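Input: a single structure, listed below in structure tokens.
By convention in this document, chain letters (A, B, ...) are assigned in the order of the sequence lines, proteins followed by strands, and residues within each chain are numbered from 1. Remember, predicted model here, so these are calculated numbers, not experimental data.
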Amino acid sequence: MQIIENEKKYDVVIVGSGAGGGMATKILADSGLKVAVIEAGPFFDPANPAQQTQLKWPHESPRRGAGTTRAFGEFDMAYGGWEIDGEPYNRIGDTKFDWFRSRMLGGRTNHWGRISLRFGPRDFKGKDRDGLGENWPISYEDIKPYYDKVDKLIGVFGSKEGMYNEPDGYFLPAPKPRLHELYYKKGAEKAGVKVMPSRLSILTKRINNDRGICFYCSQCSRSCSVYGDFSAGSCLIFPAQKSGGQVDLFVNSMVREVTTNDEGKATGVLYINKEDRKEYRVSGKVVVLAASACSTARILLNSKSAQHPNGLGNSSNLVGKYVHDSTGSDRMAFVPDMMNRKRYNEDGVGGMHLYSPWWLDNKKLDFPRGYHIEVWGGLGMPSYGSGFNPNNLNKYLGLKVGGYGNGLREDVKKFYGSVMGMSGRGESVANINNYCEIDPTTVDEFGIPVLRFNYSWSDYERKQARHMHETFEEIIHNMGGVVLGDKPGKEKDYGLLNPGRIIHEVGTTRMGSDPKKSVVNEFEQLHDVDNVFVVDAGPFVSQADKNPTWTILALSWRTSEFIIDQLKKQNI
Amino acid sequence: MNRRDSIRSLFLGSMAGGLALESCISAPEEVINEKIWQYQYGRTPEEAARDEALLAQQYFKNTELNTITRLSNLILPPTPEGTIEEAGVPEFIEFMAKDFPGLQTPIRGGLMWLDSYSNKNFGTDFINSTEDQQHQVLDLIAFPDPKASSQKQEVQFFSLMRNLVMTGYFTSPAGIKELGYKGNQPNVWDGVPDDVLKDHGMSYDASWMPKFVDQSKRNDQAVWDDEGNLIS
């Protein structure tokens with residue numbers, strides 16, 4: 001069986017269709033370039049009734065929303081999860097890294113939390129602050145114009161707060177908080193914790209005539225059928241096609257490697273078509289990798305040639321190194337004042353209406369980097385698990401737990417909407433000893449060598465998690481709530497979730513000006529090969545206490561403009 | 001082609017796989033078709049095929065399903081608001097046992113425990129015991145010992161069944177109505193109702209009000225000045 005050549009020659013071949021790949025597709029196609037987008041999963045359009053899960057009731061499924069087939073419940077719009085049949089990965093030693101992948105057009109943007117935060121000036125210069133990690137080669141001022149453009153193109157609600165490290169943007173108006181969020185605000189402000197409207201890429205107001213406005217079903221994780229939230233397919237790739245862009249989508253196509261010529265320049269990519277299981281090659285003048293930080297590292301490391309014996313772009317030996325996820329830890333509260341609530345439609349937008357950005361100075365603390373707090377709760381739609389342990393909370397009221405009979409109906413109704421929770425999401429410190437690399441002992445079902453991960457948290461992250469729980473407990477007490485569960489101790493890393501669980505893995509192809517200490521330059525161009533770019537979260541030098549998507553989008557836009565310019569000048 | 005037809009035609013390709021299982025199950029073809037048709041939401045072809053295969057099999061024997069139905073009715077007796085049967089709870093438990101095979105032995109073993117205990121003490125199996133006798137059995141297993149580090153199997157079994165019954169009921173149309181959930185439909189959120197705010201001693205800060213959506217202008221296209229102030 002030989003490799004099947006695609007006759008058409010593209011200007012740019014983009015691998016992956018999530019935030020980074022979607023933005024590159026939009027900018028490059030809008031400029032008139034011929035673009036091929038190679039996606040490992042199937043075509044997906046949230047407006048397609050056959051694929052839609054939005055507005056479905058739990059009883060429309062025989063498992064009532066349980067998570068047997070999808071990690072976040074069967075209505076969640078991610079085809080994949082931390083484990084995918086036929087696509088294994090391995091862990092070194094006692095590493096607990098979990099790797100989430102979503103195989104579909106738009107990737108993980110179809111189900112993500114839409115938390116759209118700009119990195120602030122301090123976030124690009126971590127080393128200047130505390131001597132740890134490395135500074136980015138760019139500053140906030142370099143990326144600010146692109147954040148502005150992303151805000152206006154895609155839409156994000158929020159409020160102008162004038163905080164130095166939480167830069168304001170072009171916001172749509174914010175939705176009013178829900179009841180449990182008002183309780184949170186009261187408790188948090190009493191504890192000196194800043195509270196402000198959240199910043200989510202959901203349309204609370206019309207932004208153009210191609211996308212609908214949020215109708216408050218709270219189901220952004222199911223991907224919006226009127227395109228009222230940001231997903232890369234509906235907001236970037238489809239508009240690029242609609243405006244006449246030359247975009248060819250290759251779906252169900254698993255990229256194995258970037259191909260190179262005798263001079264070591266990239267010529268295109270080699271992929272396996274999942275439907276006929278044959279190998280294909282598609283060629284282009286430029287290759288843009290946007291497969292997600294770890295998948296991109298895997299493709300680069302698997303792209304070995306005489307010119308690149310260590311893998312493509314890996315002369316520094318740093319591809320795969322410095323992988324780091326956000327920290328995460330959660331706590332729940334029972335708020336007796338919210339028992340026996342009056343009923344009304346409290347769905348709101350998908351996710352929280354307010355949150356707490358990092359509010360303290362690490363110089364006065366025993367850990368170097370901050371975290372933000374997300375809030376959840378409310379009168380949500382029942383799903384599998386609703387009604388479990390129907391009256392366990394009775395123990396806080398001095399009432400009997402367990403039993404049977406119609407008293408259970410009353411218990412469930414009494415406690416509905418009285419439990420809420422908080423999630424801390426923080427910055428970890430990038431570490432060269434945390435990495436992914438090719439595991440020569442294992443291949444996936446497409447015959448492609450897989451990744452193995454080596455990762456451990458340090459005391460920087462553990463102490464931060466300990467602080468999260470101290471904060472949660474103080475806030476919960478302040479709002480008159482009961483803290484549920486025990487405070488996780490040292491033996492449980494203070495409740496720190498496994499790396500990979502927050503699904504913000506970044507840093508595998510870090511950006512820098514020194515080719516010995518970084519993989520790409522400030523334009524996300526491989527130091528070693530000038531016609532290969534990385535526009536996912538691989539180039540992140542450091543995570544911030546922010547979600548990475550808005551920065552992926554801004555950087556991808558900046559890089560795409562650079563590619564257009566370099567092609568025009570015939571530099572690449 | 002309307003939406004329903006397009007779903008149906010898309011579905012036909014994978015339906016054949018489900019029907020091939022027909023020979024090894026007892027349910028007539030039209031019953032399986034109806035069950036398969038009942039559940040339509042955005043599954044991948046692989047997920048739909050898996051569901052069809054599970055729906056075409058029966059795990060619990062009819063006698064076990066009768067006991068599950070009786071036990072479910074003891075956990076949540078019928079009221080005018082809704083019944084276990086209306087909520088499809090026995091079918092849901094049957095499906096979950098196939099969906100999470102780890103549930104099979106604990107449930108099947110627990111059902112047998114009910115019969116053994118009833119036979120020994122009342123001279124008949126659980127379902128043929130009197131209601132009073134059935135209550136006596138449940139009184140033994142429905143209250144986990146809060147001090148114990150682990151519960152006896154029969155207590156765990158009852159807790160599992162109670163969880164499945166409660167979640168099955170409250171995810172059904174009757175249960176959702178009884179719970180009073182009002183969402184999952186297009187809405188215009190404009191904050192917590194005033195009477196609720198008042199009941200909880202809460203209010204929206206005056207300083208926050210300008211940050212919020214003016215829902216009367218939601219359809220006006222967003223326009224900003226150069227400082228990022230929304231002016232539409």
Min side-chain heavy-atom separation B/Tyr169-B/Ile75 under 4.5 Å: no

Residue B/Phe100 versus chain A: region with a heavy atom under 4.5 Å: side chain

Which atoms of A/Gln219 approach chain B - backbone, side chain, both or neither, heavy atom under 4.5 Å: side chain

salt_bridge(A/Glu74, A/Arg63) N-O dist < 4.0 Å: yes

Rounded distance (nearest 0.5 Å) linking atom CG of A/Leu393 with atom CZ of A/Phe415: 5.0 Å

Which of A/Pro197, A/Gly348, A/Gly387 touches chain B most, by non-hydrogen pairs under 4.5 Å: A/Pro197

Heavy-atom proximity to chain A below 4.5 Å, by part of B/Leu197: side chain

Contact class of B/Glu46 relative to chain A, heavy atoms under 4.5 angstrom: neither

Pairs of heavy atoms under 4.5 Å with chain B: top-ranked of A/Ile207, A/Asn209, A/Thr53: A/Ile207

Heavy-atom proximity to chain B below 4.5 Å, by part of A/Leu379: backbone

Close side-chain approach of B/Asn73 and B/Glu85, heavy atoms under 4.5 Å: yes

Atom group of A/Val226 that falls short of 4.5 Å from chain B, counting heavy atoms: neither

Contacting region of A/Gln51 [heavy-atom separation from chain B under 4.5 Å]: backbone

Minimum heavy-atom distance A/Leu55-A/Arg222, with the two atoms named: N-NH1, 4.1 Å

Leading residue by heavy atom contact count with chain B [cutoff under 4.5 Å; candidates A/Lys186, A/Gln54, A/Met196, A/Lys395]: A/Met196

Distance-only donor-acceptor check, side chains B/Gln185 and A/Asp347, under 3.5 Å: no

Side-chain ion pair, A/Lys176 and B/Asp190, N-O less than 4.0 Å: yes

Closest-packed option against chain A by number of heavy-atom pairs under 4.5 Å, given B/Ala87, B/Ser172, B/Pro78, B/Gly88: B/Ser172

Positions in residues 225-232 of chain B that reach chain A, provided some heavy atom is under 4.5 Å away: B/Asp225, B/Asp226, B/Glu227, B/Gly228, B/Asn229, B/Leu230, B/Ser232

A/Arg103 with A/Glu87: basic N within carboxylate O range, under 4.0 Å: yes

Toward chain B, the part of A/Tyr79 with a non-hydrogen atom under 4.5 Å: side chain

A/Arg64 charged N/C atom sitting above B/Phe92 aromatic ring, 6.0 Å / 45°: yes

Top contributor to chain B interface from A/Cys217, A/Pro58, A/Pro62 [non-hydrogen pairs under 4.5 Å]: A/Pro62

Charged N-O contact under 4.0 Å between A/Arg341 and A/Glu346: yes

Toward chain B, the part of A/Ser383 with a non-hydrogen atom under 4.5 Å: backbone

Engaged part of B/Pro146 at the chain A interface, taking heavy atoms whose separation is under 4.5 Å: neither

Ring-face cation of B/Arg43 near B/Tyr41 (centre distance under 6.0 Å, axis angle within 45°): yes

Portion of A/Glu181 that has a non-hydrogen atom of chain B nearer than 4.5 angstrom: neither

Toward chain B, the part of A/Phe44 with a non-hydrogen atom under 4.5 Å: neither

Ring pair (Phe, Tyr, Trp, His ring centres under 6.0 Å) involving A/Phe388 - partner list, sequence neighbours excluded: A/Tyr384

Interface residue of largest heavy-atom contact number with chain A, from B/Ala142, B/Pro186, B/Gly183, B/Pro77, under 4.5 Å: B/Pro77

With A/Lys342 via side-chain contact (heavy atoms from CB on, under 4.5 Å) - residues at least two apart: B/Asp195, B/Val196, B/Asp199

Side-chain donor-acceptor distances from residues 203-210 of chain B under 3.5 Å, at least two apart:
| residue | atom | partner | partner atom | Å |
| --- | --- | --- | --- | --- |
| B/Tyr204 | OH | A/Pro177 | O | 2.6 |
| B/Tyr204 | OH | B/Val192 | N | 2.9 |
| B/Asp205 | OD2 | A/Lys185 | NZ | 2.6 |

B/Arg50/B/Glu47 ion pair, N-O < 4.0 Å: no

Atom group of A/Val412 that falls short of 4.5 Å from chain B, counting heavy atoms: both

Option in A/His353, A/Met77, A/Met338 with maximal non-hydrogen atom pairs under 4.5 Å from chain B: A/His353

Which of A/Val349, A/Asp151, A/Asn389 touches chain B most, by non-hydrogen pairs under 4.5 Å: A/Asn389

A/Asp148/A/Lys152 salt bridge by N-O under 4.0 Å criterion: no

